[in-house]
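First the structure, in the form of structure tokens, and then the observations on it.
Residue numbers start from 1 in every chain, and the chains themselves are labelled A, B, ... in the order their sequence lines are given, proteins ahead of strands.
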Amino acid sequence: MKWRKSCNKPVLVGDDVLVYDIETDGLDTETAKLKWFGAFSFKDNCYYFYTYHEMEHIQKLIDDHKICVGYNNKDFDQPICENNGLSFEYKIRIDLLRVLFRPETRTPVREAILKVDGQILKNVLPNHKLKSVAKALKLDQGKGDIDYKIFRKDYWTKSEIKEILHYLHLDVKITKEIFEYMYKEFLPMKYLMGPEDQRKYNWFRTSTGSYTYKVICHQAGIEEEYAEPGPRKQFEGGFVSDPLGHEFKGKIYCLDFNSAYPHAFMMGNLYSHSCKCCTEDEKWAGNELFPVEGRYCMKKPGKVERVIKKLYLQRLEYKKKKDPREYAIKIIINTMYGISGSQVFKNVYSLNTASDCTLMARQMVKHARNKFECAGYKVLYSDTDSVFLLDTYNNETNVLRVRDEIITDIKNSVPFPQDTFGMGIDARIKAAWFFKKKHYVYITEENKIKIKGLPLIKSDCSRLSRLVFERLKPDMIDRLDIKYPLFKLKEIVKEILDEDLGLVANYYKVRRPETYKSQTSIQYQIAKELGPGEHWLVPNRKIGSIGKGKKYCTLEEAKSLEVDDLILDKVWETELSPFIK
DNA sequence: GCCTGGTGCATACC
DNA sequence: ACTGGTATGCACCAGGC
């Protein structure tokens with residue numbers, strides 16, 4: 001039986017793409033029998049549905065397409081299809097799950113760069129089920145549930161067929177829409193790649209590291225060779241200062257070097273360590289400000305550096321024109337540093353390149369700190385490429401003058417100074433509180449409150465603490481102060497807890513128990529007791545088989561608890577402590 | 001019994 | 001077809017006192 005159902009929406013995807021999903025009589029890929037095959041073709045904008053009695057039709061449909069797309073098809077649909085006599089040979093096979101996330105190593109891939117209203121997909125996904133992805137991307141998930149027993153049959157009544165088609169159509173449709181979403185998002189990454197990578201959909205499915213390597217190799221005309229992973233050689237990274245003090249009010253600036261690492265590459269010519277145009281003695285060996293380990297060509301910018309520069313300038317243009325290709329270049333530029341420190345990417349890898357890049361950035365920040373301090377400013381904090389300043393003179397022009405000197409000093413100390421290198425004001429701040437490295441809060445001149453790193457913004461934070469903060473936020477901005485006397489916070493906490501004790505629960509996302517090395521870790525205990533996935537657990541003194549010191553129970557179990565049974569340590573000592581006077 | 005330092009795990013910042 | 005380092009916090013455990 002063949003079923004055609006056309007789709008009226010305009011087609012965005014121009015290639016011969018077939019999105020497919022199957023129904024089987026079981027989950028074991030070795031023994032499962034293919035029962036139904038559902039697909040959507042971007043060639044004719046039609047849905048196709050076949051039973052296993054029509055294998056030639058299914059094979060014909062596959063043969064008519066170059067690219068076959070599914071969800072978890074690498075580990076499930078495809079092997080079953082092959083065991084049942086279908087062939088995907090010579091097809092470009094795409095598994096949307098594996099494009100987003102690599103299950104065996106549990107590493108995020110494209111879910112780390114896909115944005116859904118400002119947030120990264122990875123951070124909004126509770127798990128990697130098809131429906132969860134659809135929901136996170138705000139796609140229509142429809143309603144569909146089916147008793148899988150129906151797939152044990154070999155023939156179906158009219159009403160059963162109707163039910164199956166409804167269900168299968170829905171899954172194909174969801175897969176198709178996820179594919180379309182990703183296609184639209186990733187298409188701007190296509191044009192920078194070589195023709196083979198464009199054809200093979202490598203702009204769509206590679207990790208950002210591989211993508212960057214492929215683009216750089218193609219653009220710079222260097223060989224795309226790979227090496228065995230091997231043990232990692234470590235090197236020093238960014239410099240993070242201790243905060244100067246706790247609380248500051250007045251005119252505060254956050255300044256940061258624009259694209260510090262890419263500019264370190266360009267200005268130090270850091271990829272040109274083995275050029276043939278000069279002798280070792282003629283190479284740049286660094287100086288007092290930049291005591292680099294490697295030796296780099298001073299005669300002309302290298303191939304890779306020229307590509308970085310070209311891309312950087314192009315990105316500035318794209319940003320002005322709001323061209324989405326801007327984001328593709330951003331990824332490449334920011335990933336260059338990462339792949340230069342990874343052996344796998346053989347022809348851009350160099351420990352000196354990576355470590356001299358971070359060294360140059362460390363020196364830039366330290367130089368900026370010194371200059372500002374000598375000019376009478378208080379340097380409150382700095383991390384990698386940024387500096388927080390207290391402007392005691394209340395004179396922005398003077399800050400910018402010192403800034404210009406810093407930039408000039410740096411440019412005078414590198415072989416290839418860049419016009420695009422500079423330092424901008426990232427934020428103008430009225431008050432700031434620094435707690436620890438990478439943990440701070442500030443209120444901007446636009447009355448926006450920014451929190452960095454605090455337990456309050458981590459995913460495991462209790463809803464109680466978040467609610468307390470949300471309630472006080474307008475008042476904090478009003479008073480230009482984030483601190484409250486303990487009793488005031490206690491009042492609010494009590495009010496919220498009277499509503500619902502469960503709000504103290506902490507969020508845990510755990511894997512399958514087998515995947516843990518430590519069988520005593522709290523994550524293992526949770527996984528063992530409650531299964532993998534998301535859990536909200538209430539720390540208490542009374543019930544729950546999870547935890548050795550503190551006990552943790554589920555929200556359901558927590559209904560029998562009294563306020564005094566709760567353990568509020570984390571709430572008071574970490575989540576809310578920054579806000580206690 | 002308490003403290004310290006190390007480990008595993010998770011997550012944020014750049 | 002596997003980007004990097006820096007940093008905090010929790011729970012647990014071993015070892016020292």
Side-chain angles (χ1 to χ4, degrees), chain A residues 98-99 102 104-109 112-113 120 122-123 197 200 202 205-214 216-217 224-230 232-242 256-257 259-261 331-346 348-349 351 353-355 357-359 361-362 365 381-386 426 435-440 450-461 506-511 515-527 537 539 546-552 567 569-570 573-575 577:
Chain A
R98 302 177 70 83
V99 172
R102 200 134 295 150
E104 59 278 8
T105 50
R106 295 184 306 270
T107 45
V109 188
I113 58 168
I120 286 169
K122 184 186 106 136
N123 292 345
D197 287 324
K200 287 186 182 160
N202 283 335
R205 55 177 169 170
T206 56
S207 69
T208 50
S210 302
Y211 171 72
T212 299
Y213 189 52
K214 284 168 181 292
I216 282 290
C217 287
E224 183 189 329
E225 293 173 312
Y226 295 87
E228 288 304 310
R232 254 220 293 263
K233 289 199 188 78
Q234 296 213 328
F235 56 91
E236 196 178 337
F239 165 72
V240 187
S241 81
D242 271 317
D256 61 352
F257 290 109
S259 298
Y261 285 5
I331 290 167
I332 298 167
I333 288 175
N334 290 341
T335 311
M336 276 310 292
Y337 156 67
I339 66 171
S340 72
S342 170
Q343 296 100 311
V344 182
F345 304 103
K346 200 175 162 193
V348 291
Y349 169 70
L351 210 58
T353 301
S355 67
C357 171
T358 58
L359 174 136
R362 285 195 300 275
V365 175
Y381 176 67
S382 65
D383 185 349
T384 311
D385 59 357
S386 67
D426 196 42
F435 304 95
K436 280 173 177 162
K437 289 177 176 182
K438 296 183 190 283
H439 286 206
Y440 55 93
K450 286 260 179 201
I451 303 182
K452 295 283 183 177
L454 294 191
L456 190 75
I457 59 162
K458 292 210 176 188
S459 48
D460 65 348
C461 179
N506 294 120
Y507 174 84
Y508 288 90
K509 195 156 95 177
V510 298
R511 315 190 300 252
T515 63
Y516 286 98
K517 212 190 283 185
S518 157
Q519 301 205 346
T520 54
S521 73
I522 195 76
Q523 290 83 2
Y524 177 85
Q525 294 182 49
I526 295 167
L537 299 176
I546 297 161
K548 217 182 156 188
K550 278 189 213 174
K551 284 183 182 6
Y552 287 94
I567 300 179
D569 287 20
K570 189 168 182 288
E573 281 159 34
T574 59
E575 294 172 357
S577 75

Interatomic distance, A:Lys346 NZ vs C:dT3 P [rounded to whole Å]: 18 Å
With a 3.5 angstrom cut-off on both distances, give the Watson-Crick or G-U wobble partner of C:dT3, or none if there isn't one. none
So what does A:Lys438 touch, heavy atoms closer than 4.0 Å: a base, only the sugar-phosphate, or nothing? base
Tell me what A:Ser518 touches on the nucleic acid: a base, only sugar-phosphate, or nothing, going by heavy atoms under 4.0 Å. sugar-phosphate
Check whether any side-chain N or O of A:Thr574 sits under 4.0 Å from OP1 or OP2 of C:dC10, and answer yes or no. yes
OP1 or OP2 of B:dC14 under 4.0 Å from side-chain N/O of A:Tyr440: yes
Students often get this wrong, so: under 4.0 angstrom with heavy atoms, is A:Ile457 touching a base, only sugar-phosphate, or nothing? sugar-phosphate
Counting only side-chain N and O atoms of A:Lys437, is one of them less than 4.0 Å from OP1 or OP2 of B:dC14? no
Would you classify A:Phe239 as touching base, sugar-phosphate or nothing, given that sugar-phosphate means primed atoms plus P, OP1 and OP2, and contacts are heavy atoms under 4.0 Å? nothing
Under 4.0 angstrom, heavy atoms only, what part of the nucleic acid is A:Tyr349 near: base, sugar-phosphate, or nothing? nothing
For C:dT3, take OP1 and OP2 only and decide whether either is under 4.0 Å from a side-chain N or O of A:Ser207. yes
Whole angstrom value for the distance that separates C1' of C:dT8 from CD of A:Glu573: 16 Å
Please determine, for the side chain of A:Ser521, which listed nucleotide (C:dT6, B:dA12, B:dC9) has the closest atom? B:dC9
Pick base, sugar-phosphate or nothing for A:Arg205, based on heavy-atom distances below 4.0 Å to the nucleic acid. nothing
For the atom pair OG1 (A:Thr358) and CG (A:Asp385), what is the distance rounded to the nearest 0.5 Å? 12.5 Å
If you look at every strand shown and take non-hydrogen atoms under 4.0 Å, does A:Phe345 touch a base, only sugar-phosphate, or nothing? sugar-phosphate
Compare the aromatic ring of A:Tyr337 with the six-membered base ring of C:dG4 and state whether they stack according to the 5.5 Å and 30° rule. no
Taking only side-chain nitrogens and oxygens of A:Arg98, does any of them come within less than 4.0 Å of OP1 or OP2 of C:dA1? no
For A:Lys214, answer base if it contacts any base atom (sugar-phosphate contacts may also be present), sugar-phosphate if it contacts only those atoms, and nothing otherwise; contact means non-hydrogen atoms under 4.0 Å. nothing
When all nucleic acid strands are considered with a 4.0 Å heavy-atom cut-off, which category describes A:Gly338: base, sugar-phosphate, or nothing? base
If every non-hydrogen atom of A:Lys233 is compared with every non-hydrogen atom of A:Gln343, which pair is closest and at what distance? N-NE2, 4.1 Å
A quick test of your reading: do over 12 heavy atoms of other residues, nucleotides or ligands sit less than 6.0 Å from NZ of A:Lys437? yes
Tightest non-hydrogen contact, residues A:Asp242 and A:Tyr381, listed as C-CD1, 4.4 Å
Around A:Glu228, counting heavy atoms of other residues, nucleotides and ligands shown, do more than 12 lie under 6.0 Å from its CD? no
When rounded to whole Å, the CG to C1' distance for the pair A:Asp383 and C:dT6 reads 8 Å
Could you state the CZ-P distance from A:Arg511 to B:dC9, rounded to the nearest angstrom? 6 Å
What is the separation between atom CD on A:Glu224 and atom C1' on C:dT3, rounded to the nearest whole Å? 15 Å
C:dT3 C1' sits how many Å from A:Lys233 NZ, rounded? 17 Å
Out of C:dC12, C:dG4, B:dG8, whichever nucleotide has its closest atom nearest the side chain of A:Arg232: C:dG4
For the residue pair A:Gly209 and A:Thr335, what are the closest heavy atoms and their distance? CA-CG2, 3.9 Å
Within less than 4.0 Å of OP1 or OP2 of B:dC13, is there a side-chain N or O belonging to A:Lys458? no
Any idea which heavy atoms bring A:Val109 and A:Val99 closest together, and the distance? CB-O, 3.2 Å
Whole-Å distance separating the CD1 atom of A:Ile451 from the C1' atom of B:dT11: 16 Å
Would one find a side-chain N or O of A:Lys550 under 4.0 angstrom from OP1 or OP2 of C:dA11? yes
Give the nucleotide from the list C:dC13, B:dC14, B:dA10 with an atom nearest to the side chain of A:Lys548. C:dC13
Side-chain contact check for A:Asn123: nearest option of B:dA12, C:dT8, C:dC13 is B:dA12
Is the distance from OP1 or OP2 of B:dG8 to the nearest side-chain N or O of A:Gln519 less than 4.0 Å? no
Nucleotide B:dT11, atom P - distance to CD1 of A:Ile120 in whole Å: 14 Å
Looking at every strand, decide which applies to A:Phe235 at a 4.0 Å heavy-atom threshold: base, sugar-phosphate, or nothing. sugar-phosphate
When you check the phosphate oxygens OP1 and OP2 of B:dT7, does a side-chain N or O of A:Tyr524 lie under 4.0 Å from one of them? no
Name the residue closer to the 5' end of DNA chain C, choosing between A:Thr520 and A:Gln523 according to the nucleotide with the nearest heavy atom. A:Gln523
